[in-house]
*Asks:* 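Sharing a structure below in structure tokens format, with a few things to ask.
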Amino acid sequence: MTRELFTSWALREAMAQEMRRDDRVILMGEDIAEYGGAFKVTEGLLGEFGPQRVINTPISENGFVGVAVGAALTGLRPIVEIMFMDFVTLAMDQIVNHAAKFHYIYGDGVTVPMVLRLPAGGGRGYGATHSQTLDSWFISVPGLKVVAPWSPADAKGLLTAAIRDDNPVIFIEHKLLYSVKGPVPEGEHVVEIGQANRVREGDDLSIIAYSKMVDEALEAAEALSEVGVQCDVIDLRTLQPLDDKAIVESAARTGRVILIEEGVRQGGVMAEVACRIMEGAFDYLEAPPVRLGGGFAPIPCAESLERSLMPSAADVIAVAQQILA
Amino acid sequence: MSEQPSVLLGYLRAMWVIRHFEEALDDLFGRSLIRGTCHLCVGQEAAAVGACAALRADDQINSTHRGHGHFLAKGGDPRRVMAELFGRATGYAGGRGGSQHMAGWDIGFLGSNGITGGGIPVATGAALSAKLQNTGRVVVSFFGDGATAQGAFHEALNMGSLWTLPIVYFCENNLYAMSTPLRSHSAVSSIAERAAAYGMPGVEVDGNDLLAVRDAVATAAARARGGEGPTLIDCRTYRFLGHSKSDKREYRTEEEEAAARRRDPILRFRALLLEQGHASESELAAVEEDARNLISEAVEFAQASPLPEGDPSAKVYAP
Ligand SMILES: Cc1ncc(C[n+]2csc(CCOP(=O)(O)OP(=O)(O)O)c2C)c(N)n1
Ligand SMILES: [Mg+2]
């Protein structure tokens, strides 16, 4: 059975179902218990699972991520909420030097099965330290998997897969998607990590996006179809490992690619994706791929400024017109 | 408490194993037979052996950049630790880890750590597992005096105490963080005093007195196992050699070093066993000889072991 759920509910359902299925799964984070988390994603879980498994932490990001790493090494499967993705900077040591490396250096039998849930992205006027998209940092750290769902169903399915994965998974949740509703399967729902999803089919132009930017991609594709341009829209869903096959197939078929991400364009995720397209589909390209991404500035607070820093459907349409001209 | 001579001789042997292991490494590095760097714990053997002597086999420990002694004291196979240092396939991490990055899960050694202070939260997480899964285990986290300046130390001790976790925070206070003396990196002269900030007992112990270390850890472990939470142990000791292989030790005086050598934890313990009639001179000599041979064999084993081969990217992810 499928019903319409908010993304935040879909995420909560994934956690609750996995916690019922496996009592090694625990939650940790700031204000996640009674309060339900800054974005209410863990609301109600304390009531069902109790304070032993839904653990409020002090404001010690590096410390409690490290505690989660140690717990994961010794038999638990922690899901850690970092209140805002921006605060992950404080936990980078435990993520990069510890979680990502322990399986490699401590030997075959040693694993770090943990999920870091990171509410990311701007668009709400939270300003420079509460709006960032830092995804690209993580894709260059061997040992981490990086997932960033767009649809509510994928949010549930990918979180379930992340919880079951024996590696540390960076799970990026866009704050503006929490309140988006969509159909979500009721029972167990697993979406395999590492697979992109074609959310719209077309042969004229590929638009590659993920997370909230899939909305911009679809809006642009809809507008472009009205002028006779049929777009292939690819939702990456997983950023590490990237689904090379899906990316290259779409690029080779359409020959024209626009890549869009919310994070800073320079050194961004799409720089990597664009490069893989060059490597895998160069001979099929009719035009150089174009990257759209966040401008090179801290995220400003004022709505007009914040909007102009971020890529949008209008930018995609403008670029498409140039490429197709 | 009456002490069993065989147990006491076991402690002495364990300390000699570490001493000869580290001195062999000093020699091997000096002759460039091993790559990289390493941090030796000569002079600090009573801390590692004393602490592990107070633990059950299924208790767990984790360690630092200066971790060979802890690994061996917990029961690590000197041949495989040595092989890891030689970068051989038979090493604990198959050559991927090296001196600062190896673990022995089967014996409860949850890993050495190249990040100063980084292991303290990790050990705290292992203690959280022990508590939530009712394993009855205690975790001991070893770290240096320098590590107590890290935020990770503060964050972990606060959580360990807040959640009454079964953990012992064991500071091997050798009075220096690389070249920086304790008085220049810590606002308080006693690490034990810091315990007050976390509502846990802080205990100072003579780290060159093996039985004192063992008893302090036994008390702390009993407290942890009994559900009363962590203890911070300030174990005063001294590292005889340099911080790492490149250190000329210009920040310390020869007099200070000579005075420390007179408190050598191994010679002190050996003298105690003789004086109290637990062992004869020839038994004591045999124990040392045995340890020396074990390490020679370990070096031979390591040198004869194959180099690791294959794709270094093959083991980045767990299947
Ligand atoms: C985060 C970090 N900073 C600096 C270093 C370099 N470093 C390695 S050991 C060390 C000194 C540590 O002193 P202490 O904790 O007292 O341990 P000891 O070496 O005395 O055993 C330093 C500065 C490091 N490895 N990690
Ligand atoms: Mg020190």
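Naming: A, B, ... by sequence-line order, numbering from 1 per chain. What you see below is based on every heavy atom in this structure, not just the backbone, and it leaves out hydrogens, waters and symmetry mates.
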*Asks:* Measuring only between side-chain heavy atoms, which start at C-beta, is A:Lys145 closer than 4.5 Å to B:Tyr317?
*Replies:*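 In short, these two side chains touch, coming nearer than 4.5 Å.
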*Asks:* Any side-chain heavy-atom pair from B:Gln133 and A:Thr74 closer than 4.5 angstrom?
*Replies:*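 Sidechains of A:Thr74 and B:Gln133: no contact.
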*Asks:* List the atom of A:His98, the atom of B:Gly119, and the distance in Å for their closest heavy-atom pair.
*Replies:*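 Here A:His98 and B:Gly119 meet closest at NE2-N, 4.3 Å.
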*Asks:* Measure the spacing between CE of B:Met102 and OH of A:Tyr106 and express it to the nearest 0.5 Å.
*Replies:*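 It is 10.5 Å, given to the nearest 0.5 Å.
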*Asks:* For residues B:Ala318 and A:Asn167, report the shortest heavy-atom separation together with the two atoms involved.
*Replies:*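 Scanning both residues completely, I find the closest heavy atoms to be N-OD1, 2.7 Å.
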*Asks:* Provide the closest heavy-atom pair for A:Gly75 versus B:Ser129 in the form atom of the first, atom of the second, distance.
*Replies:*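 That would be N-OG, 4.4 Å.
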*Asks:* Side chains of A:Phe102 and B:Asn113: closer than 4.5 Å at any heavy-atom pair?
*Replies:*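 They are in contact (side-chain heavy atoms under 4.5 Å apart), so the answer is yes.
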*Asks:* Mind checking the CD1-CD spacing from A:Ile105 to B:Gln100? Nearest 0.5 Å is all I need.
*Replies:*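 A:Ile105 CD1 to B:Gln100 CD: 9.5 Å, rounded to 0.5 Å.
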*Asks:* Identify the heavy atoms of B:Trp163 and A:Asn56 that sit nearest to each other, and give their distance.
*Replies:*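 Looks like CZ2-O, 3.5 Å.
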*Asks:* Contact between A:Asp108 and B:Trp105 at the side-chain level, heavy atoms closer than 4.5 Å - yes or no?
*Replies:*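 A side-chain contact is absent here, since even the closest heavy-atom pair is not under 4.5 Å.
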*Asks:* Does any non-hydrogen side-chain atom of A:Pro58 lie less than 4.5 Å from one of B:Met159?
*Replies:*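 A side-chain contact under 4.5 Å exists here.
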*Asks:* State, yes or no, whether a side-chain contact exists between B:Leu132 and A:Leu76 at a heavy-atom distance under 4.5 Å.
*Replies:*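 Result yes, sub-4.5 Å side-chain heavy-atom pair found.
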*Asks:* So do the side chains of B:Glu155 and A:Glu61 get within less than 4.5 Å of each other, counting heavy atoms only?
*Replies:*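 Of all side-chain heavy-atom pairs linking A:Glu61 with B:Glu155, none is under 4.5 Å.
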*Asks:* Where on A:Asn62 is there a heavy atom nearer than 4.5 Å to chain B: the side chain, the backbone, both, or neither?
*Replies:*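 Both parts, backbone and side chain.
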